[in-house]
Amino acid sequence: MTAEADIWAVVPVKELDGAKQRLAGLLTPAQRSALAEVMVVEVLDKIAAVRGLAGILVVTLDPRIAAHARRIGARTVTDGAREGHTGSVNAGARVLLAEKRGGMITMPGDIPAMTAAEVEAVLAAHQAAPSFTIAPAHDDLGSNAVVCSPPDSVPLRFGDNSYFPHLDAARSCGITPTVVRRPGIAMDIDHPVDLAMFLRLPESVGTRTRAFLEEAGVPRLLAERQVTPLSPPERREVG
């Protein structure tokens, strides 16, 4: 990737109150909200350290996240913030398109094990426009980092099973997708089993998210409920 690529990070963040409902059997509403905030802030701080980005655009209505975004020099927009993950990303893409930006990389706010170096590796693999690069979730279902040049080079639709559909969408647009796997980016946190996997991940050591989970007694809760990490999925050929 060159400086002329003009890649912006787009981070969709829904309101923290009521966040992470799939962890309701393990954490209280206050704990879930606090965990979501810790993760998003950690992700934003790491994105702010990525070399080569032209800027950061946070799509949110949450005042706490908007305030932190401003502290790190990110822009915030509210249009599309209540339209789900896909709607929020597409809203950010529309802003960038209107400004004639070169492209975007979008990531969720629940991948706290990611590092700036991992994001830089994804950007380095990205090809000249029109192009599409993707870093999948650990289960080969989710799309945890997606780079599009231009921002609308491939129609995006996120969800529990979006990785292979995104590959197909790129090919339908005449673009050969570039796949980059990185363990930190791959580890999104939605379910209790994800917490167990995150705590086993070397990349989680030293993160604020891990410190929060340990202080909240989550490792003990997971052990009591016998929640164990899943085995890695068998990789499908994507070339």
Side-chain angles (χ1 to χ4, degrees), residues 1 5-14 39-40 42-50 52-62 65 69 72 74-99 101-116 118-127 129-137 141-163 165-167 169-170 173 175 177-182 184-190:
M1 188 193 75
D6 189 27
I7 304 290
W8 278 67
V10 173
V11 185
V13 183
K14 63 183 179 180
M39 290 195 295
V40 171
E42 188 149 40
V43 167
L44 289 176
D45 286 349
K46 291 176 178 179
I47 293 174
V50 173
L53 282 176
I56 304 170
L57 188 65
V58 181
V59 184
T60 190
L61 281 165
D62 191 276
I65 297 305
I72 64 171
R75 297 168 58 188
T76 61
V77 295
T78 57
D79 288 348
R82 285 200 174 121
E83 297 174 9
H85 191 105
T86 300
S88 294
V89 171
N90 287 335
R94 288 194 296 271
V95 171
L96 299 180
L97 282 167
E99 297 175 353
R101 304 294 183 179
M104 73 170 179
I105 177 170
T106 183
M107 290 164 284
D110 61 356
I111 51 171
M114 59 83 80
T115 65
E118 287 187 333
V119 178
E120 289 165 6
V122 174
L123 294 173
H126 192 57
Q127 303 297 308
S131 55
F132 178 83
T133 302
I134 188 166
L141 293 176
S143 306
N144 285 7
V146 171
V147 196
C148 294
S149 296
D152 63 345
S153 61
V154 172
L156 302 178
R157 187 176 182 86
F158 296 90
D160 290 338
N161 185 18
S162 65
Y163 170 52
H166 274 148
L167 296 180
C173 293
I175 297 172
T178 299
V179 178
V180 181
R181 297 183 184 276
R182 289 295 183 272
I185 291 176
M187 192 64 253
D188 54 310
I189 295 176
D190 284 308

Undergrad: Answer yes or no: are there more than 12 heavy-atom neighbours, outside R75 itself, under 6.0 Å from its atom CZ?
TA: yes
Undergrad: Excluding sequence neighbours, so at least two apart, what forms side-chain contact (heavy atoms from CB on, under 4.5 Å) with A48?
TA: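 A48 satisfies side-chain contact (heavy atoms from CB on, under 4.5 Å) with I56, I72 only.
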Undergrad: Using only atom types and a distance under 3.5 Å, with no angle test, would you say the side chain of T133 pairs donor to acceptor with the backbone of V147?
TA: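 Checking the backbone N and O of V147 against the side chain of T133, no donor-acceptor pair under 3.5 Å is found.
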Undergrad: How would you list, by chain and number, every residue that makes a side-chain hydrogen bond (donor to acceptor under 3.5 Å, both in side chains) with R82, sequence neighbours excluded?
TA: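 Listed in chain order: E15.
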Undergrad: For residues D6 and L96, determine if any side-chain heavy atom of one lies less than 4.5 Å from a side-chain heavy atom of the other.
TA: no
Undergrad: So, taking the atom named CG in L61 and the one named CG in D79, what distance separates them when rounded to the nearest 0.5 Å?
TA: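 Nearest 0.5 Å value for the CG-CG distance: 9.0 Å.
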Undergrad: For K46, look at atom NZ and say whether over 12 heavy atoms of other residues, nucleotides or ligands are found less than 6.0 Å away.
TA: yes
Undergrad: Check side-chain hydrogen bond (donor to acceptor under 3.5 Å, both in side chains) between S162 and all other residues, then give those that pass, not counting sequence neighbours.
TA: S143
Undergrad: First locate atom OG of S149, then atom CD1 of I175, and finally report the distance between them rounded to the nearest 0.5 Å.
TA: 9.0 Å
Undergrad: Kindly give the heavy-atom pair with the smallest separation between G142 and Y163, and that separation in Å.
TA: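 Scanning both residues, the minimum pair turns out to be O-CB, 3.6 Å.
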Undergrad: Which pair of heavy atoms, one from I185 and one from A145, lies closest together, and at what distance?
TA: CG2-CB, 3.9 Å
Undergrad: How long is the gap from CE on M39 to CG on D188, to the nearest 0.5 Å?
TA: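 If we round to the nearest 0.5 Å, M39:CE and D188:CG are 9.5 Å apart.
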Undergrad: If we only count heavy atoms from C-beta on, is the L123 to L53 side-chain gap below 4.5 Å?
TA: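 Result yes, sub-4.5 Å side-chain heavy-atom pair found.
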Undergrad: With sequence neighbours left out, what residues match S131 under side-chain hydrogen bond (donor to acceptor under 3.5 Å, both in side chains)?
TA: H126
Undergrad: Taking distance alone, no hydrogens or angles, what donor-acceptor pairs closer than 3.5 Å link side-chain atoms of residues 101-114 to residues at least two apart or in another chain?
TA:
unit_1, atom_1, unit_2, atom_2, d
R101, NE, E99, OE1, 3.1
R101, NH2, E99, OE1, 3.4
T106, OG1, V10, O, 2.9
D110, OD2, K20, NZ, 2.7

Undergrad: Return the minimal non-hydrogen interatomic distance between C173 and S153, and the atom names on each side.
TA: SG-O, 3.7 Å
Undergrad: Is there a side-chain contact between F158 and T86 in this structure, where contact means two heavy atoms from C-beta onward sitting under 4.5 Å apart?
TA: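 Yes, side chains in contact.
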Undergrad: At their closest point, which heavy atom of A69 faces which heavy atom of V58, and how far apart are they?
TA: CB-CG2, 3.9 Å
Undergrad: Shortest non-hydrogen contact from A9 to I47?
TA: CB-CG2, 3.8 Å
Undergrad: Report the distance from atom OG1 of T115 to atom CD of E120, rounding to the nearest 0.5 Å.
TA: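 Going from OG1 on T115 over to CD on E120, the span is 8.0 Å.
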Undergrad: Look up atom OG1 in T178 and atom CD in Q127, then write down how far apart they are to the nearest 0.5 Å.
TA: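 It is 5.0 Å, given to the nearest 0.5 Å.
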Undergrad: Got a sec, which residues hit side-chain hydrogen bond (donor to acceptor under 3.5 Å, both in side chains) with H85, two or more places apart in sequence or on another chain?
TA: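 Partners of H85 by the side-chain hydrogen bond (donor to acceptor under 3.5 Å, both in side chains) criterion come out as none, since no residue qualifies.
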Undergrad: Taking the side chain as every heavy atom from C-beta outward, state whether V40 and V11 have any atom pair closer than 4.5 Å.
TA: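 Not touching, per the 4.5 Å side-chain cut-off.
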Undergrad: Which heavy atom of V154 sits nearest to which heavy atom of A169, and what is that distance?
TA: CG1-CB, 3.8 Å
